[in-house]
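What follows is one structure encoded as structure tokens, with my remarks underneath.
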Amino acid sequence: MEITKVVDTKGMACPMPIVKVKKALDTLESGQVMEVQSTDKGSLNDFQAWVKQTNHELVKHEEEQGVYKFFVRKK
Amino acid sequence: MNQTELKGMTAGELAVKVFHHEPLFILDVRNESDFMNWKIEGKQIQILNKPYFELLESVDEIIDQIPDETEVLVVCAKEGSSQFVAEQLVEQGKSKVSYLLGGMKAWSEHLEPVKIGDLSDGGSIYQFVRIGKGCLSYMIISEGEAVVVDTLRMTGEFERFAAEHQAVIKHTLDTHLHADHISGGRKLAEDAGAMYWLPPKDADEVVFDFNPLVDGADITVGRTRITIQPLYSPGHTIGSTSLIVDGKYLLSGDILFVASIGRPDLAGKAEDWVGDLRETLYERYKQLPDDLTVLPAHFGSIAELGQDGSVSAKLADLFRNNPGLNMTSETEFRSAVTEKLPPQPNAYQEIRQTNMGKITPDDEEQREMEIGPNRCAVHDK
């Protein structure tokens, strides 16, 4: 999977991670994938709900040493 | 733009509004699944859920649903998003708007102490209502000494309250090994130099020292000796123990609630413990004086709160009205407490492990584990 953009939201509190992600997504072409990094455990449900509502695709998510990574493919 | 009108509301201010049934409109901007799982309830509370990420650019979609006359509180998980949305509402001309300081996390942790009554020697018994999660703790104070029952994780609140009442905490007791919240009993005992008590039958896997809470191990508080009588009452857990305080109050733990009874499945042994639960409720409790005031360790809905915000009932009334005490056949009882149970409390297995001392999550992890309602009763949703 090719990652076109990495968005670092580590240490940020809501709503900033999703604000940043929205902006970043505007710069992507359809089908491109962005990686979002977050340290907020509570953000997982938010990302899932937001991706669903906006019809993008959450390809996968993983956790590594307290950092949550979300891979979102633009619709 | 009029920023000056936007203010934060503390969890304590919100609790008072809920207790007094004040009208309040809540805009909950968490995602839908978190909202469906757990939300702020009150008799006069109207609530609308709209996730903040749908409101980042504009609040136009919901602005017509936000009342002008009623107070409006915007709520999110921690605080940031609710403040962001509340600012936009103010920009759109809404005036009676505030946001919940500390978000649902602060709501989950807030404790409101309520006096339940006096004891025969002049002491008092207090209930600590954890309104956001439905947990209840107790402090019995007499002659400068205090005992805390089913201490919650926020031990500082109990220390502060005892100090305000010039009392020294001598004992902390857990009626059973909790599965829905992290007990503060051991920590409070360590910090206060008090003794920590736990029923030994719930403590097979516990890795720390404790005093065995068993029948006959009477605990006293104050010079005039208010007696706390442990009464073995298995069912929710195999060790569950009720306490009779001063011959007047029955602290029923998670065995008997005001509107329901405890579920026997959280330690994975529903089938084994059904018989114990029925015997405790239908035989042991039946032999107790029915004018005892029942003080449970949880409530399931805001409807169980009395006028002053406390949760209690006479044992006689519960034998008449509580659906859990009015199942005549054993088959009906068995199916009610083992089938179609509500979902388990969040992270209940990790919470049990923590309460056994087997794992030691940090403060932030403990907070996350305790998110959501307690769900310890058979009839919870």
Side-chain angles (χ1 to χ4, degrees), chain A residues 4-28 30 32-75, chain B residues 8 27-39 49-59 61-62 74-89 99-109 343 346-347 350 361-372:
Chain A
T4 308
K5 197 170 188 98
V6 177
V7 185
D8 181 1
T9 71
K10 293 197 291 288
M12 288 183 187
C14 286
M16 287 321 290
I18 286 191
V19 171
K20 266 196 97 166
V21 164
K22 273 187 128 162
K23 273 193 187 141
L25 202 75
D26 289 341
T27 68
L28 295 191
S30 176
Q32 288 182 324
V33 175
M34 131 182 108
E35 174 185 331
V36 185
Q37 302 171 349
S38 166
T39 44
D40 179 13
K41 194 180 178 187
S43 62
L44 176 59
N45 279 352
D46 284 354
F47 268 108
Q48 283 175 333
W50 171 74
V51 168
K52 200 173 158 196
Q53 186 248 335
T54 49
N55 289 322
H56 302 298
E57 182 194 352
L58 184 61
V59 185
K60 62 169 180 173
H61 62 85
E62 57 194 34
E63 193 222 324
E64 208 175 296
Q65 293 174 329
V67 178
Y68 298 86
K69 291 182 180 174
F70 308 93
F71 298 87
V72 181
R73 180 176 286 128
K74 185 167 177 172
K75 72 171 168 186
Chain B
L27 172 62
D28 189 326
V29 298
R30 292 175 300 154
N31 64 68
E32 193 186 340
S33 64
D34 287 359
F35 173 78
M36 293 303 282
N37 184 41
W38 175 54
K39 58 181 179 288
N49 175 228
K50 190 75 181 170
Y52 68 91
F53 43 80
E54 295 180 34
L55 302 169
L56 291 175
E57 271 127 40
S58 131
V59 291
E61 207 186 321
I62 53 156
V74 189
V75 170
C76 68
K78 288 171 190 162
E79 181 178 304
S81 301
S82 64
Q83 187 177 2
F84 180 90
V85 172
E87 279 166 5
Q88 293 192 67
L89 294 179
Y99 60 96
L100 181 60
L101 292 165
M104 289 300 280
K105 285 201 165 182
W107 182 238
S108 168
E109 294 187 346
N346 187 47
E350 292 81 6
D362 65 32
D363 286 354
E364 192 52 36
E365 287 167 335
Q366 294 195 13
R367 243 175 235 135
E368 291 283 351
M369 284 158 71
E370 286 195 336
I371 286 295

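Lettering of chains follows the sequences in order, A, B, ..., and the numbering in each one begins at 1.
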- prompt: Under 6.0 Å from the CD atom of A:Gln53, do we count more than 12 heavy atoms belonging to anything else shown?
  reply: yes

- prompt: Under 6.0 Å from the CD atom of B:Glu32, do we count more than 12 heavy atoms belonging to anything else shown?
  reply: no

Side chain, backbone, both or neither of B:Phe53 within contact of chain A (heavy atoms, under 4.5 Å): both

- request: Considering only heavy atoms, give the residues of residues 62-75 of chain A separated from chain B by less than 4.5 Å, sorted numerically, with 'none' for an empty result.
  value: none

message: I need the contact set between residues 8-25 of chain A and chain B: heavy-atom distance under 4.5 Å, sorted by residue number.
response: A:Cys14, A:Pro15, A:Ile18, A:Val19, A:Lys22

query: By salt bridge (charged side-chain N to carboxylate O under 4.0 Å, His left out), which residues pair with B:Glu350, not counting sequence neighbours?
result: none

- line: In this structure, CG of B:Asn31 is separated from CD of A:Gln48 (nearest 0.5 Å) by 8.5 Å

field: Pairing residues for B:Phe84 by the ring pair (Phe, Tyr, Trp, His ring centres under 6.0 Å) criterion, not counting sequence neighbours
entry: none

- prompt: Between B:Glu57 and chain A, which part of the residue has a heavy atom less than 4.5 Å away: side chain, backbone, both or neither?
  reply: side chain

query: Would you call A:Asp40-B:Lys78 a salt bridge at under 4.0 Å N-O?
result: yes

